[in-house]
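Have a look at the structure below before the remarks.
Reminder, nothing fancy here: chain letters follow the sequence lines and each chain counts from 1.
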Amino acid sequence: MVVTRIAPSPTGDPHVGTAYIALFNYVWARKNGGRFLVRIEDTDRTRYVPGAEERILAALKWLGISYDEGPDIGGPHAPYRQSERLPLYRKHAEELLRRGFAYRAFETPEELERIRKEKGGYDGRARNIPPEEAEERARRGEPHVIRLKVPRPGTTEVKDELRGLVVYDNQEIPDVVLLKSDGYPTYHLANVVDDHLMGVTDVIRAEEWLVSTPIHVLLYRAFGWEVPKFYHMPLLRNPDKTKISKRKSHTSLEWYRAEGFLPEALRNYLALMGFSMPDGREIFTLEELIEAFTWERVSLGGPVFDLEKLRWLNGKYIREVLPLEEVAERAKPFLQAAGLSWPSEAYLRRAVELMRPRFDTLKELPEKAPYLFSEDYPFTEKALEKMREGLPVLREVEPLLRAQEDWSEAALDALLRGFAQERGLKLGQVAQPLRAALTGSLETPGLFEIMALLGKERVLARLARALAGGTS
RNA sequence: GGCCCCAUCGACUAGUGGUUAGGUCACCGCCCUUUCAAGGCGGCGGCGGGGGUUCGAGUCCCCCUGGGGUCACCA
């Protein structure tokens, strides 16, 4: 049974890196018919952000990454929030103390700062405090932490399933704090205790954890527990190759959703960051990913998160992957947010169909085609100019349109082409001014399609306004 | 800086000793065309460097270089 997990910290916006790692954990568990769980690592009271947990869980669900156990749905190893498991960590820290794998240290933060400056790091001086004395001071309530007593000299081997064996000289492994003076555990202790207790077999996490893995291996061994398999995934990168960050990239999953990216497309793109299909296909479903997934097809170079390619992929989903009805449905909130409306479902579907090849994110639909959803549409400078140039032509066309009974695309096409030919004009000389007048834009779907969709009344009204010199 | 990881076009990648080094995004051109897109076709562009191993290295080994991560009572 393969059990994987994602252990986000509720310290801010739902992070794209969390989704990235969660995706591979989810896929690996599914691939093996195992379980995937979510555990909230809220052991830093100073960085806790209210509401962050809910937002992270919501973002995972939005992406289609479901979990079998978690803080909101429970499970056999509840609770899934570390702040609710405090006694467990204390108990295990004390066990290490008893068995000589840890020791109490009484330095204040200020003292530690000084020691760090002088020695480059904590020098393990509290190891020299006789255990009886340490216990006595602890009993008296003296503030202190519990640190890992790294065996030195010696070496510790970490087996990363993606990189092979990495050997660390224990000299390089610090006596990290396991239990803070406020009684909360640090990541190292909590993560190992919980992964063991929750039956996690495969730890798939970001590469930034690789160097602290020997600490975890030491802990598993001290407890006498089986060490899980480790897979350290490459870090998502900013365009300048540094670890992806809020300052240089968009890291909030909520931003992507608000911007009109589809969860399917984002999830697909994240999968492309490091994984490739055997046949080179770049568009695939979650099921197809699970089916084809193998660690051999995961590359280790840190992938730069390319918003342009994500946009392309999102556009691909909009115009080729999702059914028209689905795209229309998902576009609704974005149209409404822009204060736009549509007369009927059929109208909306057709409007989306016409615009489909022209927007890459849902948010772009209202931005690029307000004229399909409102009579109060803006004019670009160039459209205004083009319309004014064509005013004489428009004046001639107006009565023809007024007299036109068949308002089908084909009929309008024939009418305007005929008119242009009679006048010795190119179709564009007629179509462009008309397009400008009817849409306020020079970049739109086919003119006849738009006219047919808007209907005779709206077209004539817009044209009348244009001829009267008004633009709104 | 110490330690660790990584290294194919600008970006994402395929490649698992013998390939004209392939695909995708971006970029450029052409086609289509009532505009803009989409789409089709074509193009530009890469194995960081040096040593080995081998009949033969993008592929294996070493060194260098470069990039990244990490060195908290944060995760």
Side-chain angles (χ1 to χ4, degrees), chain A residues 7-11 41-44 46-47 105 107-109 112-113 116 120-122 143-147 158 160 162-163 166-169 171-174 176-188 190-191 205-214 232 234-235 237 239-243 269 272-283 296-297 299-313 315-316 319-320 354-360 368 382-383 386 413 416-417 420 426-432 434-436 439 441-448:
Chain A
S9 198
T11 53
E41 309 238 338
D42 55 346
T43 56
D44 185 346
T46 64
R47 292 209 307 158
E107 291 82 9
T108 64
L112 286 175
E113 184 56 40
R116 234 195 317 280
Y122 186 63
H144 66 284
V145 300
I146 294 179
R147 285 179 182 273
V158 170
D160 180 272
L162 303 178
R163 303 150 207 273
V166 184
V167 182
Y168 293 85
D169 187 323
Q171 219 61 248
E172 298 153 10
I173 307 172
V176 294
V177 170
L178 300 176
L179 201 68
K180 307 180 221 179
S181 57
D182 63 3
Y184 277 62
T186 59
Y187 171 85
H188 305 297
N191 148 72
R205 65 202 341 182
E207 190 182 348
E208 57 187 326
W209 293 109
L210 185 57
V211 292
S212 56
T213 305
H232 289 93
L235 256 10
R237 308 292 182 88
D240 68 1
K241 300 278 194 182
T242 53
K243 174 166 82 168
Y269 183 68
L272 249 22
M273 302 271 83
F275 177 77
S276 63
M277 280 291 194
D279 61 3
R281 211 164 13 130
E282 292 197 299
I283 296 179
E296 286 176 11
R297 300 204 64 81
S299 59
L300 300 179
V304 171
F305 192 97
D306 183 359
L307 198 55
E308 277 311 304
K309 185 156 183 177
L310 203 214
R311 290 179 57 80
W312 166 79
L313 191 62
K316 209 74 176 159
R319 74 185 88 94
E320 292 179 19
L354 293 181
M355 284 302 295
R356 211 139 62 134
R358 297 175 172 80
F359 62 98
D360 287 325
K368 292 188 169 181
K382 288 186 175 184
K386 180 64 73 179
D413 187 318
L416 291 170
R417 270 182 212 282
K426 288 188 164 188
L427 181 55
Q429 292 176 281
V430 179
Q432 284 296 75
L434 195 49
R435 181 193 314 281
T439 70
S441 168
L442 254 23
E443 302 168 5
T444 79
L447 182 60
F448 312 125

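- Seen from the ring of A/Tyr122, A/Arg147 counts as a face-on cation partner, given the 6.0 Å and 45° thresholds.
- Side-chain polar atoms of A/Thr213 and A/Arg205 form a donor-acceptor pair below 3.5 angstrom.
- Residue A/Ile283 contributes atom CD1, which lies 19 Å from atom P of B/rC12 at whole-angstrom precision.
- Nucleotides B/rG43 and B/rG68 are separated by 34 Å at their C1' atoms, to the nearest Å.
- The separation of B/rU70 from B/rG23, taken at their C1' atoms, amounts to 35 Å, rounded to a whole angstrom.
- One atom, CG of A/Leu427, and another, P of B/rU34, lie 6 Å apart when rounded to the nearest Å.
- Salt-bridge check for A/Arg163 with A/Glu207: passed, with a basic side-chain N closer than 4.0 Å to an acidic carboxylate O.
- With both pairing distances under 3.5 Å, B/rG1 is matched to B/rC71 as a Watson-Crick or G-U wobble pair.
- In this structure B/rG39 sits in a base pair with B/rC31, meeting the Watson-Crick or G-U test at under 3.5 Å.
- B/rA14 is unpaired under the criterion used here, namely a Watson-Crick or G-U wobble arrangement in which both key atom distances are under 3.5 Å.
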Test salt bridge (charged side-chain N to carboxylate O under 4.0 Å, His left out) on A/Glu282 and A/Lys309 and set out the steps.
-> CA-CA 11 Å; A/Glu282 292 197 299; A/Lys309 185 156 183 177; 2.8 Å; yes

Table of protein N/O atoms under 3.5 Å from nucleotides 38-42 of chain B N/O atoms:
residue, atom, partner, partner atom, Å
B/rA38, O4', A/Pro357, O, 3.2
B/rA38, O3', A/Arg319, NH1, 3.3
B/rG39, OP1, A/Lys316, NZ, 2.9
B/rG39, OP1, A/Arg319, NH1, 3.4

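- A/Phe448 CZ to A/Arg417 CZ: the interatomic distance, rounded to the nearest 0.5 Å, is 5.0 Å.
- At the heavy-atom level, A/Met355 lies nowhere under 4.0 Å from the strands shown.
- Here A/Gly301 lies in heavy-atom contact (under 4.0 Å) with sugar-phosphate atoms only.
- A gap of 25 Å separates the C1' atoms of B/rG49 and B/rC55, to the nearest Å.
- If you measure from atom CZ of A/Arg297 to atom P of B/rA14, you get 6 Å, rounded to the nearest angstrom.
- Residues A/Arg435 and A/Ser441 fail the side-chain proximity criterion, which asks for heavy atoms closer than 4.5 Å.
- Of the nucleotides present, B/rC6 is the one that pairs with B/rG66 by Watson-Crick or G-U wobble criteria, both distances under 3.5 Å.
- Whole-Å rounding puts the A/Leu307 CG to B/rA26 P distance at 12 Å.
- Between the OH atom of A/Tyr269 and the C1' atom of B/rA26 there is a distance of 12 Å, rounded to whole Å.
- Residue contacts shown for A/Phe448 include a base, since a base heavy atom lies under 4.0 Å away.
- Rounded to whole Å, the separation between the C1' atoms of B/rG67 and B/rC31 comes to 42 Å.
- Contact check for A/Leu162 versus A/Leu300: side-chain heavy atoms found under the 4.5 Å cut-off.
- The C1' atoms of B/rG45 and B/rG40 are separated by 22 Å, rounded to the nearest whole Å.
- In summary, A/Lys180 and A/Asp182 do not engage in a salt bridge, as defined by a charged side-chain N under 4.0 Å from a carboxylate O.
- Nucleic acid contact for A/Gly315: none, since no nucleic acid atom lies under 4.0 Å from a heavy atom of the residue.
- In this structure, A/Leu272 atom CG and B/rG23 atom P are separated by 17 Å, rounded to whole Å.
- Atom CD in A/Glu296 sits roughly 10 Å away from atom P in B/rG15 (whole-Å rounding).
- Residue A/Leu210 is in sugar-phosphate contact alone, with no base atom involved, counting any heavy-atom pair closer than 4.0 Å across all strands shown.
- In this structure, A/Pro239 reaches neither bases nor backbone, as no heavy-atom distance under 4.0 Å exists between it and the strands shown.
- Between A/Asp306 atom CG and B/rC9 atom P the separation is 15 Å, expressed in whole Å.
- Rounded to whole Å, the separation between the P atoms of B/rA21 and B/rG2 comes to 40 Å.
- When the C1' atom is used for both B/rA75 and B/rU65, the distance is 33 Å, rounded to whole Å.
- What you find for A/Glu41 and A/Ser9 is that their closest heavy atoms are O-OG, 3.0 Å.
- The pair A/Asp360-A/Arg319 meets the salt-bridge criterion, with a side-chain N (NZ, NE, NH1 or NH2) lying under 4.0 Å from an Asp/Glu carboxylate O.
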With the criterion being N/O to N/O and under 3.5 Å, what pairs connect the protein with nucleotides 68-75 of chain B, and how long is each?
residue, atom, partner, partner atom, Å
B/rG68, O4', A/Arg237, NH1, 3.4
B/rG68, O2', A/Arg237, NH2, 3.3
B/rG69, OP1, A/Lys243, N, 3.1
B/rU70, OP1, A/Glu208, OE1, 3.4
B/rU70, OP1, A/Lys243, NZ, 2.7
B/rC73, O2, A/Ser181, N, 2.8
B/rC73, O2, A/Ser181, OG, 2.9
B/rC73, N3, A/Ser181, OG, 3.0
B/rC73, N4, A/Glu107, O, 3.0
B/rC74, OP2, A/Lys180, NZ, 3.0
B/rC74, O2', A/Asp44, OD2, 3.0
B/rC74, O2', A/Arg47, NE, 3.2
B/rC74, O2', A/Arg47, NH2, 3.1
B/rC74, O2, A/Arg47, NH2, 3.3
B/rA75, OP1, A/Thr43, OG1, 2.8
B/rA75, OP1, A/Lys180, NZ, 2.7
B/rA75, OP2, A/Tyr187, N, 3.2
B/rA75, O3', A/Glu41, OE1, 3.3

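- Taking side-chain N and O atoms only, A/Thr444 has no distance below 4.0 Å to OP1 or OP2 of B/rU35.
- The separation of B/rC47 from B/rU59, taken at their C1' atoms, amounts to 10 Å, rounded to a whole angstrom.
- Looking at heavy-atom distances under 4.0 Å, A/Glu282 makes contact with a base.
- Judged by atom type and distance alone, A/Lys309 reaches the base of B/rU24 through a side-chain donor-acceptor pair under 3.5 Å.
- In this structure, A/Glu296 places its CD atom where only 12 or fewer heavy-atom neighbours from other residues, nucleotides or ligands lie under 6.0 Å away.
- Outside the 6.0 Å centre-distance limit, the rings of A/Trp312 and A/Tyr269 are not counted as a close aromatic pair.
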